[in-house]
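Just follow the structure's listing: the first ligand is 1, and inside any ligand the first atom is 1. The shown structure was predicted, so the numbers you read here are calculated from the model rather than taken from an experiment. Hydrogens, waters and symmetry mates play no part in the numbers below; they use all other heavy atoms, side chains included.
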Amino acid sequence: MANIIDGKAISAAIRAEIKQETEIFAKENGFRPGLAVIIVGEDPASQVYVRNKRRACEEVGFYSEAYELPAETTQEELNTLVDKLNANEKIHGILCQLPLPKHLDENEVILRIDPKKDVDAFHPVNVGRIMIGDYSFLPCTPAGVMALLERSGIEISGKECVVVGRSNIVGKPQAMLLLHANGTVTICHSRTKNLAEVCRRADILVAAIGKADFFTGDMVKEGAVVIDVGMNRRADGKLTGDVDFESVAPKASYITPVPGGVGPMTITMLMKNTLTAAKLSVK
Ligand code: NDP
(Lines give C-alpha, C1' and ligand atoms only; values in the text may rest on other atoms or scores of the structure.)
Protein backbone atom coordinates (compact mmCIF):
# COMPACT_ATOMS: atom_id res chain seq x y z
CA MET A 1 0.00 0.00 0.00
CA ALA A 2 1.27 3.45 -0.95
CA ASN A 3 2.53 6.10 1.45
CA ILE A 4 -0.11 8.81 1.64
CA ILE A 5 1.30 12.28 0.97
CA ASP A 6 -0.39 14.46 3.58
CA GLY A 7 -1.01 17.77 1.83
CA LYS A 8 -2.70 19.26 4.89
CA ALA A 9 0.32 18.64 7.12
CA ILE A 10 2.85 19.82 4.52
CA SER A 11 0.75 22.88 3.82
CA ALA A 12 0.51 23.69 7.56
CA ALA A 13 4.31 23.39 7.91
CA ILE A 14 4.92 25.75 4.96
CA ARG A 15 2.36 28.26 6.28
CA ALA A 16 4.12 28.24 9.66
CA GLU A 17 7.40 29.05 7.87
CA ILE A 18 5.72 31.84 5.88
CA LYS A 19 4.26 33.28 9.09
CA GLN A 20 7.70 33.33 10.70
CA GLU A 21 9.29 34.97 7.65
CA THR A 22 6.44 37.49 7.55
CA GLU A 23 7.13 38.57 11.15
CA ILE A 24 10.80 39.11 10.33
CA PHE A 25 9.88 40.97 7.13
CA ALA A 26 7.40 43.22 8.99
CA LYS A 27 9.99 44.08 11.67
CA GLU A 28 12.64 44.92 9.10
CA ASN A 29 10.43 46.91 6.75
CA GLY A 30 7.64 48.37 8.88
CA PHE A 31 4.85 46.90 6.76
CA ARG A 32 3.28 43.54 5.97
CA PRO A 33 2.88 41.76 2.64
CA GLY A 34 -0.51 42.72 1.19
CA LEU A 35 -2.83 40.71 -1.03
CA ALA A 36 -5.88 42.05 -2.87
CA VAL A 37 -8.48 39.57 -4.03
CA ILE A 38 -11.12 40.56 -6.59
CA ILE A 39 -14.27 38.56 -7.15
CA VAL A 40 -16.95 39.49 -9.66
CA GLY A 41 -20.43 37.98 -9.33
CA GLU A 42 -21.78 35.38 -6.98
CA ASP A 43 -20.36 32.03 -8.07
CA PRO A 44 -20.57 29.97 -4.83
CA ALA A 45 -17.34 28.00 -5.49
CA SER A 46 -15.42 31.24 -6.15
CA GLN A 47 -16.84 32.75 -2.95
CA VAL A 48 -15.51 29.78 -0.95
CA TYR A 49 -12.04 30.16 -2.55
CA VAL A 50 -11.97 33.88 -1.79
CA ARG A 51 -13.01 33.27 1.83
CA ASN A 52 -10.27 30.67 2.20
CA LYS A 53 -7.70 33.05 0.74
CA ARG A 54 -8.64 35.77 3.23
CA ARG A 55 -8.40 33.28 6.07
CA ALA A 56 -4.99 32.13 4.87
CA CYS A 57 -3.83 35.78 4.81
CA GLU A 58 -4.91 36.22 8.42
CA GLU A 59 -3.20 32.99 9.40
CA VAL A 60 0.21 34.04 8.04
CA GLY A 61 -0.09 37.68 9.16
CA PHE A 62 -0.64 39.43 5.80
CA TYR A 63 -2.59 42.59 5.14
CA SER A 64 -5.48 41.82 2.80
CA GLU A 65 -8.21 43.59 0.88
CA ALA A 66 -11.20 41.89 -0.75
CA TYR A 67 -13.24 43.46 -3.55
CA GLU A 68 -16.60 41.79 -4.06
CA LEU A 69 -18.01 43.33 -7.21
CA PRO A 70 -21.53 42.83 -8.61
CA ALA A 71 -22.02 40.52 -11.61
CA GLU A 72 -22.86 43.48 -13.87
CA THR A 73 -19.48 45.19 -13.29
CA THR A 74 -18.12 46.56 -16.58
CA GLN A 75 -14.70 45.85 -18.05
CA GLU A 76 -13.81 49.51 -17.57
CA GLU A 77 -14.70 49.40 -13.86
CA LEU A 78 -12.67 46.25 -13.39
CA ASN A 79 -9.71 47.73 -15.28
CA THR A 80 -9.86 50.88 -13.15
CA LEU A 81 -9.77 48.80 -9.97
CA VAL A 82 -6.76 46.80 -11.24
CA ASP A 83 -4.97 50.07 -12.13
CA LYS A 84 -5.59 51.41 -8.62
CA LEU A 85 -4.29 48.22 -7.02
CA ASN A 86 -1.24 48.26 -9.30
CA ALA A 87 -0.44 51.70 -7.88
CA ASN A 88 -1.29 50.85 -4.25
CA GLU A 89 1.91 50.49 -2.19
CA LYS A 90 0.17 48.41 0.49
CA ILE A 91 -0.69 45.75 -2.07
CA HIS A 92 2.03 43.40 -3.33
CA GLY A 93 -0.15 40.70 -4.85
CA ILE A 94 -3.34 41.01 -6.92
CA LEU A 95 -5.56 38.08 -7.65
CA CYS A 96 -8.67 38.18 -9.77
CA GLN A 97 -10.76 35.09 -9.09
CA LEU A 98 -11.60 33.24 -12.31
CA PRO A 99 -13.88 32.47 -14.04
CA LEU A 100 -15.29 35.93 -14.63
CA PRO A 101 -18.87 36.53 -15.83
CA LYS A 102 -19.08 35.98 -19.62
CA HIS A 103 -19.23 39.65 -20.62
CA LEU A 104 -15.78 40.28 -19.10
CA ASP A 105 -12.49 39.47 -20.82
CA GLU A 106 -10.25 37.39 -18.53
CA ASN A 107 -7.21 37.92 -20.77
CA GLU A 108 -7.57 41.68 -20.56
CA VAL A 109 -7.49 41.48 -16.75
CA ILE A 110 -4.53 39.11 -16.70
CA LEU A 111 -2.59 41.47 -19.00
CA ARG A 112 -3.52 44.49 -16.91
CA ILE A 113 -2.14 43.20 -13.60
CA ASP A 114 1.42 44.42 -13.03
CA PRO A 115 3.64 41.31 -13.56
CA LYS A 116 5.39 42.20 -10.28
CA LYS A 117 2.06 41.77 -8.47
CA ASP A 118 0.86 38.81 -10.51
CA VAL A 119 0.93 36.23 -7.69
CA ASP A 120 -1.08 33.73 -9.78
CA ALA A 121 1.74 33.81 -12.37
CA PHE A 122 -0.77 34.02 -15.24
CA HIS A 123 0.69 37.12 -16.98
CA PRO A 124 2.56 36.22 -20.21
CA VAL A 125 5.70 37.85 -18.78
CA ASN A 126 5.66 35.44 -15.85
CA VAL A 127 4.65 32.49 -18.05
CA GLY A 128 7.63 33.28 -20.29
CA ARG A 129 9.95 33.52 -17.30
CA ILE A 130 8.81 30.08 -16.13
CA MET A 131 9.62 28.76 -19.60
CA ILE A 132 13.22 30.01 -19.42
CA GLY A 133 13.63 28.96 -15.80
CA ASP A 134 14.19 32.48 -14.43
CA TYR A 135 11.15 33.09 -12.29
CA SER A 136 10.05 34.76 -9.05
CA PHE A 137 6.48 33.47 -8.96
CA LEU A 138 5.46 29.91 -9.63
CA PRO A 139 1.92 29.06 -10.67
CA CYS A 140 0.30 27.99 -7.41
CA THR A 141 -1.01 24.48 -8.12
CA PRO A 142 2.06 23.13 -9.96
CA ALA A 143 4.30 24.76 -7.34
CA GLY A 144 2.23 22.98 -4.69
CA VAL A 145 2.85 19.66 -6.43
CA MET A 146 6.60 20.34 -6.54
CA ALA A 147 6.61 21.16 -2.82
CA LEU A 148 4.74 17.92 -2.03
CA LEU A 149 7.31 15.89 -3.99
CA GLU A 150 10.26 17.72 -2.45
CA ARG A 151 9.02 17.46 1.13
CA SER A 152 8.22 13.77 0.69
CA GLY A 153 11.83 13.19 -0.34
CA ILE A 154 10.90 12.08 -3.87
CA GLU A 155 13.72 12.37 -6.38
CA ILE A 156 12.67 13.83 -9.75
CA SER A 157 15.98 13.98 -11.59
CA GLY A 158 16.15 11.40 -14.38
CA LYS A 159 12.66 10.05 -13.65
CA GLU A 160 9.96 9.42 -16.26
CA CYS A 161 7.31 12.03 -15.46
CA VAL A 162 3.94 11.88 -17.21
CA VAL A 163 1.62 14.88 -16.87
CA VAL A 164 -1.92 14.28 -18.10
CA GLY A 165 -3.60 17.61 -18.90
CA ARG A 166 -2.17 20.61 -20.78
CA SER A 167 -4.04 23.61 -19.42
CA ASN A 168 -2.20 26.90 -18.98
CA ILE A 169 -2.75 26.90 -15.22
CA VAL A 170 -1.88 23.30 -14.38
CA GLY A 171 -0.59 20.87 -17.04
CA LYS A 172 1.80 23.05 -19.04
CA PRO A 173 3.53 24.81 -16.12
CA GLN A 174 3.62 21.50 -14.22
CA ALA A 175 5.51 19.88 -17.08
CA MET A 176 7.93 22.81 -17.20
CA LEU A 177 8.68 22.66 -13.45
CA LEU A 178 9.31 18.90 -13.64
CA LEU A 179 11.61 19.53 -16.61
CA HIS A 180 13.52 22.20 -14.66
CA ALA A 181 13.92 19.57 -11.93
CA ASN A 182 15.53 17.31 -14.57
CA GLY A 183 12.62 14.92 -15.04
CA THR A 184 12.07 13.31 -18.46
CA VAL A 185 8.64 14.72 -19.17
CA THR A 186 5.76 13.56 -21.35
CA ILE A 187 2.59 15.68 -21.63
CA CYS A 188 -0.67 13.89 -22.48
CA HIS A 189 -4.07 15.29 -23.40
CA SER A 190 -7.43 14.26 -24.86
CA ARG A 191 -5.90 13.34 -28.25
CA THR A 192 -3.12 11.17 -26.81
CA LYS A 193 -3.14 7.66 -28.27
CA ASN A 194 -2.63 4.69 -25.93
CA LEU A 195 -2.91 6.87 -22.83
CA ALA A 196 -2.86 3.89 -20.45
CA GLU A 197 0.38 2.66 -22.00
CA VAL A 198 2.06 6.07 -21.68
CA CYS A 199 0.86 6.38 -18.07
CA ARG A 200 2.32 2.96 -17.24
CA ARG A 201 5.77 4.30 -18.16
CA ALA A 202 5.57 6.94 -15.45
CA ASP A 203 7.73 6.93 -12.34
CA ILE A 204 5.82 10.09 -11.43
CA LEU A 205 2.28 10.46 -12.77
CA VAL A 206 0.46 13.79 -12.43
CA ALA A 207 -3.26 13.53 -13.18
CA ALA A 208 -4.90 16.86 -14.03
CA ILE A 209 -7.84 16.32 -16.39
CA GLY A 210 -10.95 16.94 -14.29
CA LYS A 211 -12.56 13.49 -14.78
CA ALA A 212 -13.63 11.70 -11.62
CA ASP A 213 -11.75 8.46 -10.81
CA PHE A 214 -10.46 8.19 -14.41
CA PHE A 215 -7.01 6.74 -13.68
CA THR A 216 -7.31 3.13 -12.56
CA GLY A 217 -4.78 0.63 -11.21
CA ASP A 218 -4.12 -0.91 -14.64
CA MET A 219 -2.82 2.50 -15.87
CA VAL A 220 -0.14 2.75 -13.20
CA LYS A 221 3.26 1.11 -12.87
CA GLU A 222 4.09 -0.80 -9.69
CA GLY A 223 5.89 1.63 -7.34
CA ALA A 224 4.91 4.83 -9.20
CA VAL A 225 4.37 8.16 -7.43
CA VAL A 226 0.83 9.33 -8.21
CA ILE A 227 -0.19 12.96 -7.79
CA ASP A 228 -3.88 13.68 -8.16
CA VAL A 229 -4.62 17.32 -9.01
CA GLY A 230 -8.24 16.68 -9.99
CA MET A 231 -11.10 18.10 -7.98
CA ASN A 232 -14.45 16.72 -9.07
CA ARG A 233 -17.86 16.56 -7.40
CA ARG A 234 -19.56 13.16 -7.37
CA ALA A 235 -23.33 12.91 -7.76
CA ASP A 236 -23.60 12.58 -3.95
CA GLY A 237 -21.73 15.90 -3.57
CA LYS A 238 -18.48 14.33 -2.33
CA LEU A 239 -15.16 15.66 -3.62
CA THR A 240 -13.08 13.19 -5.59
CA GLY A 241 -9.92 13.31 -7.67
CA ASP A 242 -9.03 12.12 -11.17
CA VAL A 243 -7.44 8.98 -9.68
CA ASP A 244 -9.38 5.93 -8.57
CA PHE A 245 -7.72 5.74 -5.15
CA GLU A 246 -8.97 2.22 -4.34
CA SER A 247 -7.32 0.53 -7.31
CA VAL A 248 -4.24 2.79 -7.64
CA ALA A 249 -3.08 3.08 -4.00
CA PRO A 250 -2.13 -0.63 -3.68
CA LYS A 251 0.27 -0.26 -6.67
CA ALA A 252 1.74 3.17 -6.00
CA SER A 253 4.70 3.94 -3.73
CA TYR A 254 3.29 7.39 -2.89
CA ILE A 255 -0.13 8.88 -3.58
CA THR A 256 -1.95 12.13 -2.80
CA PRO A 257 -5.52 11.79 -1.49
CA VAL A 258 -8.44 13.99 -2.54
CA PRO A 259 -9.32 15.88 -0.45
CA GLY A 260 -6.20 16.59 1.59
CA GLY A 261 -3.49 16.29 -1.07
CA VAL A 262 -2.77 18.96 -3.69
CA GLY A 263 -5.82 21.08 -2.75
CA PRO A 264 -4.49 22.64 0.47
CA MET A 265 -1.17 23.48 -1.21
CA THR A 266 -2.55 25.86 -3.83
CA ILE A 267 -3.51 28.68 -1.43
CA THR A 268 -0.31 28.12 0.56
CA MET A 269 1.73 28.72 -2.61
CA LEU A 270 -0.29 31.88 -3.22
CA MET A 271 0.82 33.09 0.22
CA LYS A 272 4.40 32.23 -0.67
CA ASN A 273 4.19 34.21 -3.91
CA THR A 274 2.75 37.21 -2.06
CA LEU A 275 5.61 37.16 0.44
CA THR A 276 8.06 36.93 -2.49
CA ALA A 277 6.34 39.91 -4.18
CA ALA A 278 6.64 41.96 -0.97
CA LYS A 279 10.32 41.06 -0.66
CA LEU A 280 10.96 42.05 -4.30
CA SER A 281 9.23 45.41 -3.70
CA VAL A 282 11.93 46.45 -1.19
CA LYS A 283 14.91 45.18 -3.20
P1 NDP B 1 -8.88 22.02 -18.00
O2 NDP B 1 -10.26 21.57 -18.26
O3 NDP B 1 -8.47 23.40 -18.35
O4 NDP B 1 -7.88 21.02 -18.75
C5 NDP B 1 -8.08 19.65 -18.74
C6 NDP B 1 -6.99 18.97 -19.53
O7 NDP B 1 -7.21 17.56 -19.44
C8 NDP B 1 -6.98 19.33 -21.01
O9 NDP B 1 -5.65 19.53 -21.44
C10 NDP B 1 -7.61 18.11 -21.70
O11 NDP B 1 -7.07 17.83 -22.96
C12 NDP B 1 -7.19 17.01 -20.75
N13 NDP B 1 -8.15 15.89 -20.81
C14 NDP B 1 -9.49 15.94 -20.63
N15 NDP B 1 -10.02 14.70 -20.75
C16 NDP B 1 -9.00 13.86 -21.02
C17 NDP B 1 -8.89 12.47 -21.26
N18 NDP B 1 -9.98 11.70 -21.26
N19 NDP B 1 -7.69 11.95 -21.50
C20 NDP B 1 -6.59 12.72 -21.51
N21 NDP B 1 -6.60 14.07 -21.27
C22 NDP B 1 -7.79 14.62 -21.05
O23 NDP B 1 -8.64 21.71 -16.46
P24 NDP B 1 -7.56 22.32 -15.41
O25 NDP B 1 -6.17 22.05 -15.87
O26 NDP B 1 -7.94 23.69 -15.04
O27 NDP B 1 -7.88 21.40 -14.15
C28 NDP B 1 -7.69 20.01 -14.17
C29 NDP B 1 -8.23 19.44 -12.88
O30 NDP B 1 -7.49 19.97 -11.80
C31 NDP B 1 -9.69 19.79 -12.59
O32 NDP B 1 -10.30 18.71 -11.90
C33 NDP B 1 -9.59 20.97 -11.66
O34 NDP B 1 -10.71 21.09 -10.80
C35 NDP B 1 -8.37 20.60 -10.88
N36 NDP B 1 -7.66 21.74 -10.29
C37 NDP B 1 -7.29 21.60 -8.99
C38 NDP B 1 -6.63 22.61 -8.36
C39 NDP B 1 -6.21 22.40 -6.95
O40 NDP B 1 -5.99 23.36 -6.26
N41 NDP B 1 -6.07 21.15 -6.51
C42 NDP B 1 -6.35 23.89 -9.03
C43 NDP B 1 -6.69 23.89 -10.43
C44 NDP B 1 -7.35 22.85 -11.01
P45 NDP B 1 -7.26 18.82 -24.25
O46 NDP B 1 -6.29 19.93 -24.02
O47 NDP B 1 -6.88 17.96 -25.41
O48 NDP B 1 -8.68 19.24 -24.22
(message) Strictly less than 4.0 Å: does any protein heavy-atom distance to atom 2 (O) of ligand 1 fall in that range?
(response) no
(message) Hydrogens and angles aside, do T276 and N273 bring a side-chain donor and acceptor to less than 3.5 Å of each other?
(response) no
(message) How far is atom 33 (C) of ligand 1 from the closest protein heavy atom, and which atom is that?
(response) M231 N, 4.1 Å
(request) Count the heavy atoms belonging to other residues, nucleotides or ligands that lie under 6.0 Å from NZ of K221, then report whether that count exceeds 12. (result) yes
(request) Give the residue and atom name of whichever protein heavy atom lies nearest to atom 9 (O) of ligand 1, and the separation in Å to one decimal. (result) R166 N, 2.8 Å
(request) Go through I227 and L149 one step at a time and tell me if the side chain to side chain contact (heavy atoms under 4.5 Å, CB included) criterion holds. (result) CA-CA 9 Å; I227 305 291; L149 292 171; 3.8 Å; yes
(request) Determine whether the side chain, the backbone, both or neither of T141 has a heavy atom under 4.0 Å from any heavy atom of ligand 1. (result) side chain
(message) Check E23 with R32, please: is the shortest side-chain N to carboxylate O separation under 4.0 Å?
(response) yes
(message) Taking 4.0 angstrom as the limit and counting only heavy atoms of N232, give me the atoms of ligand 1 inside it, by number and element.
(response) 32 (O)
(message) Quick test: of every protein heavy atom, which one is nearest to atom 21 (N) of ligand 1, and how far off is it to 0.1 Å?
(response) H189 C, 3.1 Å
(request) Could you tell me if any non-hydrogen atom of G171 lies under 4.0 Å from any atom of ligand 1? (result) no
(request) Measure the distance from atom 4 (O) of ligand 1 to every protein heavy atom, then report the residue, atom name and distance (to 0.1 Å) of the closest one. (result) S167 CB, 3.8 Å
(message) Using a 4.0 Å cut-off to any heavy atom of G263, which atoms of ligand 1 qualify?
(response) 41 (N)
(request) Decide if atom NZ of K272 counts as having more than 12 heavy atoms of other residues, nucleotides or ligands within a radius under 6.0 Å. (result) no
(request) Using distance alone, with no hydrogens and no angle criterion, decide if Q47 and Y49 have a side-chain donor and acceptor under 3.5 Å apart. (result) no
(request) State the atoms of ligand 1, each with its element, that fall below the 4.0 Å cut-off from a heavy-atom position in V170. (result) 25 (O), 43 (C), 44 (C)
(request) Please answer whether the main-chain N or O of I113 pairs with a side-chain N or O of N86 as donor and acceptor at a distance below 3.5 Å. (result) no
(request) Return yes if some donor-acceptor pair links the side-chain N/O of R129 with the main-chain N/O of D134 below 3.5 Å, else return no. (result) yes
(message) When you compare ligand 1 with R191, is there at least one nitrogen or oxygen pair between them that comes in under 3.5 angstrom?
(response) no
(request) Within a distance under 4.0 Å of any heavy atom of F214, pick out the atoms of ligand 1 and give their elements. (result) 18 (N)
(request) Starting from atom 31 (C) of ligand 1, locate the nearest protein heavy atom and write down its residue, its atom name and how far away it is, to 0.1 Å. (result) G210 CA, 3.6 Å
(message) As a quick check of understanding, evaluate side chain to side chain contact (heavy atoms under 4.5 Å, CB included) for L100 and L98, giving each step before the final call.
(response) CA-CA 5 Å; L100 289 171; L98 304 179; 3.9 Å; yes
(request) List the closest protein heavy-atom neighbour of atom 47 (O) of ligand 1: residue, atom name, distance to the nearest 0.1 Å. (result) S190 OG, 2.5 Å
(request) State whether a side-chain donor-acceptor pair under 3.5 Å links N79 with E108. (result) yes
(message) Give the atom numbers and elements of ligand 1 that come within less than 4.0 Å of a heavy atom of G165.
(response) 6 (C), 7 (O), 9 (O)
(message) Heavy atoms only, cut-off 4.0 Å: how does V229 contact ligand 1, side chain, backbone, both, or neither?
(response) both
(message) Counting neighbours of CD on E42 that are heavy atoms of other residues, nucleotides or ligands and sit closer than 6.0 Å, is the number greater than 12?
(response) no
(message) Please check this pair: side chain of D242 against backbone of G210, looking for a donor-acceptor N/O pair closer than 3.5 Å.
(response) yes
(request) Determine the interplanar angle of the F25 and F31 rings, folded into 0 to 90°, and report it as parallel if under 30°, tilted if 30 to 60°, perpendicular if over 60°. (result) perpendicular
(message) Tell me the contacting part of K211 for ligand 1: side chain, backbone, both, or neither, using a 4.0 Å heavy-atom threshold, strictly below.
(response) side chain
(message) If the contact criterion is a heavy-atom separation under 4.0 Å, does T192 count as touching ligand 1?
(response) no
(request) Indicate, as side chain, backbone, both or neither, the part of L195 found under 4.0 angstrom from ligand 1 when only non-hydrogen atoms are considered. (result) side chain
(request) State if A208 counts as touching ligand 1 under the rule of any non-hydrogen atom under 4.0 Å. (result) yes
(message) Heavy atom to atom 22 (C) of ligand 1, shortest distance: which of V164, T266, I209, I169 holds it?
(response) I209
